[in-house]
Amino acid sequence: MFGLSRLSLRLGGVSRRHGDRRLIATVVSGNKTARQVKQRLQVQVEQIQSRFSGFRPGLVVLQVGDRDDSNLYISSKLKAAAEIGINAKHIRLPSSSSQDEVLRTVLGLNEDPEVHGLIVQLPLDSDRLMDQDLITNAVSPLKDVDGLSCVNAGRLSRGELRDCFLPCTPQGCMELIAQTGVSVAGKQAVVIGRSKIVGAPMHDLLLWNHATVTVCHSRTRDLPDQVGRAEVLVVGMGRAEMVRGEWIREGAVVIDCGINHVPDDSRPGGKRVVGDVHYASASQRAGFLTPVPGGVGPMTVAMLMQNTVISAQRFLQSQTRT
Ligand code: NDP
């Protein structure tokens, strides 16, 4: 794709020439891809149910406290689960809960055979001192469908991709990259952000899919220069519209994980959601670009559902073996 000045891209039925200043990036829709993933999962769950007399994959979302943004994310997870046929349960502990109470709840759910996926909604909204890592690591690696435990993260970092649960946001990004038809193997990939939930596992996934990966963070010097090298760019920094189109290499695949609320008086509620990439200018340079909203967000939810179904399938296999 890169360096091919005559490559034609299509958007909304309009074909444009790469290298032409009027190039507009192809929009990579997470809504559409997530819908396809969920339809496939729904069929799989129906097959499991008919084969194992009514068995349903079970997912628990454990929340501490009552953050508005967490409530919103949880409701979209519960809605997706209901659509697919996953038996999802939301457990909310009060923000006054002690760390021991949270840990006891996690350990109890680890033992429950009807729970195949268990996630702790982050960030914890607690009045008490909480060790977030201790709590996410208490989730059984067999049920850790967020892929955040040390065991799953360690396996991913070693390239043991089939033996772990892949974290949902980076996995969703890989699915969206796959939608473009661009293979990451041998490409220069740049990830902005090194968090446990987005940047670090994104690095691992790109690396083990054979990209050459650079990870940028808040101490990186000359971010525009690094961005300009990327044939594949994944951004998860939590800085509204910081990555400008002028920084982006022409024709690059650009995946924007950012979810930022910015003031906008023209909208109900007085704000709107934007990504970490400045969409209007990026769409003049990138070959492929994910929108915000409707890009990585829905894919994160779809990948959580996929991990839950995989976990339930593994559980059934372990039962039929014994
Ligand atoms: P974190 O705050 O945990 O991490 C942000 C990362 O970006 C850090 O590694 C930080 O560097 C880096 N960073 C911050 N500022 C800069 C800068 N100026 N230049 C270069 N790097 C910088 O955020 P998350 O990883 O949890 O989330 C990132 C974004 O993705 C957020 O907008 C979040 O809302 C969104 N998100 C979206 C999801 C989805 O489903 N779409 C799911 C999860 C997150 P350092 O390590 O040095 O501090």
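Whatever order the structure lists them in is the order used to number ligands and atoms, beginning at 1.
Of all atoms in ligand 1, listed by their number and element, those nearer than 4.0 Å to a heavy atom of T300 are 39 (C), 40 (O). Near G297, the atoms of ligand 1 lying under 4.0 angstrom from a non-hydrogen atom of the residue are 40 (O), 41 (N). Atoms of ligand 1 lying under 4.0 Å from any heavy atom of I197, numbered from 1 in the order shown and given with element: 26 (O). For ligand 1 and H217, the ligand atoms under 4.0 Å from any heavy atom of the residue are 11 (O), 19 (N), 20 (C), 21 (N), 22 (C), 47 (O).
Using 4.0 Å as the threshold, C257 has a heavy atom nearer than that to some atom of ligand 1. At least one heavy atom of M242 sits less than 4.0 Å from an atom of ligand 1. Assignment of V296 to the shell around ligand 1 is supported, since a heavy atom sits closer than 4.0 Å.
What you find for A252 and A230 is that their closest heavy atoms are CB-O, 3.4 Å.
The aromatic rings of F315 and F55 sit parallel to each other, their planes meeting at less than 30°, with 60° as the upper class boundary.
Screening C164, P141, S140 for a side chain to side chain contact (heavy atoms under 4.5 Å, CB included) with V151, the sole residue that qualifies is P141.
Checked against a 3.5 angstrom limit, the closest N/O atoms of S195 and ligand 1 fall inside it.
Closer than 4.0 Å to atom 15 (N) of ligand 1 lies at least one heavy atom of the protein.
At a 4.0 Å heavy-atom cut-off, ligand 1 touches I259 through backbone and side chain alike.
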